[in-house]
Amino acid sequence: STIAVLMGVVAMYIFRVITWADANKTPAFQFIMMLGGGFLIANLLIDTKAADWAAAQLFSLLNLHGASTLTILLVVMFVVQYLHIPFMGTTKMGTMIMPIVIGLAATANMPAVALAMPAGMLIGGYPLFLFYNTIPNLLVYGTNELRMSDFPKVGFLICTVAIIVYAMVAMTYWRWLGLF
């Protein structure tokens with residue numbers, strides 16, 4: 001179905017049924033292109049095994065060989081939380097980062113859920129660093145009640161507290177559940 005749709009879209013451009021200017025009139029098309037790009041990158045990371053390679057490189061770079069499960073969990077939570085800074089939107093971040101997080105779990109001989117669950121929670125729950133990290137942030141910023149500089153001031157504190165709370169939950173509740 002993907003190939004058929006792509007062939008149809010290409011044919012519409014070739015036969016001038018639609019032009020780039022027509023398609024680019026609304027932000028919705030740009031949003032779809034950005035989301036599609038994020039999904040494409042995620043698929044490429046998985047299909048080419050680049051996610052596993054990136055996970056192994058990150059594991060070595062952070063010198064996590066021989067580290068405890070809790071240390072690895074905290075490092076992954078810290079990295080994922082502060083990776084919100086360069087990403088615009090949680091969906092793209094999730095689709096691009098989760099294959100690498102799952103690869104990190106495999107590299108560390110951990111169950112994937114032990115790293116993927118907190119990473120997913122932090123990706124979706126705390127994109128508060130900058131005004132462009134998620135649509136609700138953009139809506140709040142659009143009220144002109146906050147300045148751009150207000151987001152990192154509050155976001156840094158809230159996001160750091162989130163890591164601490166998740167670490168405490170990991171040390172207690174997640175152990176009781178048998179996640180690690």
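- The backbone N or O of Thr19 sits less than 3.5 Å from a side-chain atom of Asp22, completing a donor-acceptor pair.
- Val17 and Met7 are not part of a single hydrophobic cluster, where members link through side-chain heavy atoms under 4.5 Å apart.
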Note to self: As a quick check of understanding, evaluate side-chain contact (heavy atoms from CB on, under 4.5 Å) for Met168 and Tyr173, giving each step before the final call.
What the structure shows: CA-CA 8 Å; Met168 292 182 343; Tyr173 184 64; over 6 Å; no
Next item on the list: Could you walk me through whether Met98 and Ile123 pass the side-chain contact (heavy atoms from CB on, under 4.5 Å) test, one step at a time?
Entry: CA-CA 9 Å; Met98 290 307 274; Ile123 289 169; 4.0 Å; yes
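- Listed by first and then second residue, the side-chain hydrogen bond (donor to acceptor under 3.5 Å, both in side chains) pairs involving residues 151-172 are Tyr82-Thr160 (not counting sequence neighbours).
- A 4.5 Å side-chain heavy-atom check between Pro118 and Leu73 finds at least one atom pair inside the cut-off.
- Across every non-hydrogen atom of Ile72 and Ala108, the tightest pair is CD1-CB, 3.8 Å.
- To the nearest 0.5 Å, the span separating CG on Leu74 from OG1 on Thr69 amounts to 11.0 Å.
- Looking at Asp52, its side chain never comes within 3.5 Å of a backbone N or O of Lys49 through a donor-acceptor pair.
- A continuous path of hydrophobic side-chain contacts links Ile158 to Ile164 [ILVMFWY only; heavy atoms under 4.5 Å].
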Note to self: Before you tell me yes or no, could you show the steps for Asp150 and Val154 under side-chain contact (heavy atoms from CB on, under 4.5 Å), namely the whole-Å CA-CA distance, both residues' side-chain angles and the distance that decides it to 0.1 Å?
What the structure shows: CA-CA 6 Å; Asp150 293 334; Val154 175; 5.6 Å; no
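- Under the 4.5 Å side-chain heavy-atom criterion for ILVMFWY residues, a single connected hydrophobic cluster contains both Leu70 and Val113.
- Atom OG1 of Thr107 sits about 12.0 Å away from atom CD1 of Ile102, to the nearest 0.5 Å.
- For Pro152 against Ser149, the heavy-atom pair with the smallest separation is CD-O, 3.4 Å.
- Taking CG from Leu83 and CD1 from Ile100, the interatomic distance works out to 8.5 Å, rounded to the nearest 0.5 Å.
- Within the 4.5 Å cutoff, the side chain of Leu104 has no heavy atoms near those of the Met110 side chain.
- Separation of atoms CZ (Arg16) and CD1 (Ile18) is listed at 12.5 Å; rounding is to 0.5 Å.
- For the pair Ser60 and His65, the tightest heavy-atom approach, listed with the atom from each and the gap, is OG-NE2, 3.4 Å.
- Here the CG-OG1 distance, from Asn43 to Thr48, works out to 10.0 Å after rounding to the nearest 0.5 Å.
- Following chains of ILVMFWY side-chain contacts shorter than 4.5 Å, one can reach Met148 starting from Phe151, so the two form part of one hydrophobic cluster.
- Contact record, Gly103 with Ala55: C-CB, 3.3 Å, taken as the closest heavy-atom pair.
- Residues Ile46 and Pro99 share a closest heavy-atom pair of CG1-CB, 3.7 Å.
- Taking all atoms of both residues into account, the shortest heavy-atom contact from Ala112 to Ala105 is CA-CB, 3.7 Å.
- Gln81 contributes atom CD, which lies 5.0 Å from atom CG of Leu122 (distance to the nearest 0.5 angstrom).
- Val169 and Val101 fall within the same hydrophobic cluster, defined by Ile, Leu, Val, Met, Phe, Trp and Tyr side-chain heavy atoms under 4.5 Å apart, directly or through other members.
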